[in-house]
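Every value quoted in this text rests on a predicted model; they were computed, and no experiment measured them.
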Amino acid sequence: MDGRASAPAAGTVLNALANGTGSAFAIDLETTADVTLEEDGAITGEIDGAPDADTTLIERCVGLTIEEHAERAWGARVRTESEVPLAAGLKSSSAAANATVLATLDALGVELDGVEACRLGVRAAREAGVTVTGAFDDASASMLGGVTVTDNAADELLAHETVEWDVLVWVPPERAFSADADVASCRRIAPIADVIGELALQGRYGAAMSINGFAFCGALEFPTAPLLEALPGVEGVSLSGTGPSYVAVGDRHVLADLRSEWETRDGTTWLTTTRTDGARRG
């Protein structure tokens, strides 16, 4: 039995490392997972274009979904392919987890509420050791589309809103793994994160993003020049996740001008949009 699903990347409004509250929005860059159930009990994973990449997360997503929702034990093969660069702060792990969980459910012929499916992927991410917070903020934005605000300690959805924004993404060539982030430094800015969380819950996402960007660039020692270049023209700009990518939202013409500045640096830029439909099966 075969299953297939896809899930979008996401950008940061509020990084949850400081105080456990997070906020993120879905971006139109996609990860796809294909799952084939097999009679033997082995679960193996493959990431397209990255033969040496760690497949623990996607294998655990399959295994946990089978444990929770299959009537019998299955083995499986899972393969993911992605437009989302790994370890770039664009929630590649959350997108892969969501796509893999949904593809496994598709193969099993099981229907599950999106938030509950998202929580399976978050559990798998914690067990695989690829996240500090559980990343329910990132995962919920990827699964549901739009923008979400979450309590990551409780895996609770605090707010969910459909947003239609143009988005500029700059991905430097460096990589930064979330599990390696300086958590102690991030927690020092918890009072600032409390204010950002209040702004996000008021729907003031652009202001929340920009404050988050400066706060976390300081905590994680990333340059603030890309943020300053974006202001005051954009609605919001931030370091995404624990870096190294930056995301900005606003008028498409303003973002096109900003792109010409960000492109003077090494790396890749995308001018894209938010995703309102989130992850999907098939």
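Taking both residues in full, the closest heavy atoms of Ala88 and Ser245 are given as O-OG, 2.6 Å, listed atom of the first, atom of the second, then distance. Closest of all the heavy-atom pairs between Gly11 and Ile27 is N-CD1, 3.4 Å. Across every non-hydrogen atom of Cys118 and Asn98, the tightest pair is CA-OD1, 4.0 Å. Contact record, Pro244 with Glu174: CG-O, 3.1 Å, taken as the closest heavy-atom pair. Taking every heavy atom of both residues into account, Leu57 and Ser93 meet most closely at CD2-O, 3.5 Å. Val249 and Val234 get closest at one heavy-atom pair: O-CB, 3.4 Å.
Hydrophobic clustering (ILVMFWY, side-chain heavy atoms < 4.5 Å, transitive): Val78 and Leu64 are in one cluster. Hydrophobic clustering (ILVMFWY, side-chain heavy atoms < 4.5 Å, transitive): Leu227 and Val254 are in one cluster. Hydrophobic clustering (side-chain heavy atoms under 4.5 Å, transitive across Ile, Leu, Val, Met, Phe, Trp, Tyr) groups Met1 together with Leu112. The same ILVMFWY cluster, assembled from side-chain heavy atoms under 4.5 Å apart, contains both Val62 and Ile58. Under the 4.5 Å side-chain heavy-atom criterion for ILVMFWY residues, no single connected hydrophobic cluster contains both Leu168 and Val163.
In the model, Arg77 has no side-chain atom that pairs as donor or acceptor with a side-chain atom of Thr44 under 3.5 Å.
In terms of the salt bridge (charged side-chain N to carboxylate O under 4.0 Å, His left out) criterion, residue partners of Glu39 (sequence neighbours excluded) are, by chain and number, Arg72. Partners of Thr56 by side-chain hydrogen bond (donor to acceptor under 3.5 Å, both in side chains), not counting sequence neighbours, listed by chain and number: Asp54. Residues satisfying the side-chain hydrogen bond (donor to acceptor under 3.5 Å, both in side chains) criterion with Glu235, sequence neighbours excluded, are absent altogether.
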Verdict with supporting geometry, Thr80 and Thr32, side chain to side chain contact (heavy atoms under 4.5 Å, CB included): CA-CA 6 Å; Thr80 61; Thr32 300; over 6 Å; no

Side chain to side chain contact (heavy atoms under 4.5 Å, CB included) between Leu255 and Asp257, intermediate numbers included: CA-CA 5 Å; Leu255 295 178; Asp257 290 340; over 6 Å; no

Verdict with reasoning, Asp106 to Leu102, per side chain to side chain contact (heavy atoms under 4.5 Å, CB included): CA-CA 6 Å; Asp106 192 42; Leu102 289 183; over 6 Å; no

Working for side chain to side chain contact (heavy atoms under 4.5 Å, CB included), residues Leu105 and Arg281: CA-CA 9 Å; Leu105 292 168; Arg281 291 163 58 155; 3.8 Å; yes

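Salt bridge status for Glu81 with Arg79: present, with a side-chain N to carboxylate O gap under 4.0 Å.
For the pair Ser82 (side chain) and Val84 (backbone), a donor-acceptor distance under 3.5 Å is present. A distance-only check finds no donor-acceptor pair linking the side chain of Ser140 to the backbone of Thr148 [under 3.5 Å]. Distance alone, capped at 3.5 Å, places no donor-acceptor pair between the Ser142 side chain and the Asp138 backbone. One N or O on the side chain of Thr264 and one on the backbone of Glu261 form a donor-acceptor pair closer than 3.5 Å. Side chain of Thr276 to backbone of Gly146: no donor-acceptor contact under 3.5 angstrom is found. Side-chain N or O atoms of Thr100 include none that pairs as donor or acceptor with a backbone N or O of Cys61 at under 3.5 Å. Without hydrogens or angle criteria, Trp170 side chain to Trp270 main chain gives no donor-acceptor distance under 3.5 Å. Under a 3.5 Å cut-off, the side chain of His160 and the backbone N or O of Gly145 do form a donor-acceptor pair. A distance-only check finds a donor-acceptor pair linking the side chain of Thr274 to the backbone of Trp165 [under 3.5 Å].
Atom-to-atom distance recorded for Leu258:CG and Glu263:CD is 10.0 Å, nearest 0.5 angstrom. Here Phe136 contributes atom CZ and Leu157 contributes atom CG; the two are 5.5 Å apart, rounded to the nearest 0.5 Å. Thr273 OG1 to Asp166 CG: the interatomic distance, rounded to the nearest 0.5 Å, is 7.0 Å. How far CD of Glu71 is from CD1 of Ile66: 13.0 Å, rounded to the nearest 0.5 Å. To the nearest 0.5 Å, atoms CG (Asp2) and OG1 (Thr36) are separated by 4.0 Å. Note: Thr21 OG1 to Leu158 CG = 6.5 Å, rounded to the nearest 0.5 Å.
Applying the salt bridge (charged side-chain N to carboxylate O under 4.0 Å, His left out) test to residues at least two apart or on different chains, the pairs with a partner in residues 18-35 are Arg4-Asp34, Asp28-Arg275, Glu30-Arg275, Glu30-Arg280.
For CZ of Arg252, the number of neighbouring non-hydrogen atoms (other residues, nucleotides, ligands) closer than 6.0 Å is greater than 12. Crowding of Asp266 atom CG: a count of heavy atoms from other residues, nucleotides or ligands under 6.0 Å not exceeding 12.
Using a 4.5 Å heavy-atom cutoff, the side chains of Thr242 and Phe222 are not in contact. The side-chain heavy atoms of Val115 and Leu144, taken from C-beta on, include a pair separated by under 4.5 Å. Looking at heavy atoms from C-beta onward, Val247 lies in side-chain contact with Leu90 at the 4.5 angstrom threshold.
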Table please: side-chain donor-acceptor pairs of residues 119-130 below 3.5 Å, with sequence neighbours left out.
| from | atom 1 | to | atom 2 | distance (Å) |
| --- | --- | --- | --- | --- |
| Arg119 | NE | Asp155 | O | 3.0 |
| Arg119 | NH1 | Glu116 | OE2 | 2.5 |
| Arg119 | NH2 | Asp155 | O | 2.9 |
| Arg123 | NH1 | Glu68 | OE2 | 3.4 |
| Arg126 | NH1 | Asp155 | OD2 | 3.0 |
| Arg126 | NH2 | Thr133 | O | 3.3 |
| Arg126 | NH2 | Asn152 | O | 3.1 |
| Arg126 | NH2 | Asp155 | OD1 | 2.9 |
| Glu127 | OE1 | Arg60 | NE | 2.5 |
| Glu127 | OE1 | Arg60 | NH2 | 3.1 |

Report, one line per pair, each donor and acceptor closer than 3.5 Å where one atom sits in a side chain of residues 194-221; sequence neighbours left out.
| from | atom 1 | to | atom 2 | distance (Å) |
| --- | --- | --- | --- | --- |
| Asp194 | OD1 | Asn19 | ND2 | 2.7 |
| Tyr205 | OH | Glu161 | OE1 | 2.8 |
| Ser210 | OG | Gly206 | O | 3.3 |
| Ser210 | OG | Val237 | N | 3.3 |
| Asn212 | OD1 | Asn15 | N | 2.9 |
| Asn212 | ND2 | Ser238 | OG | 2.9 |

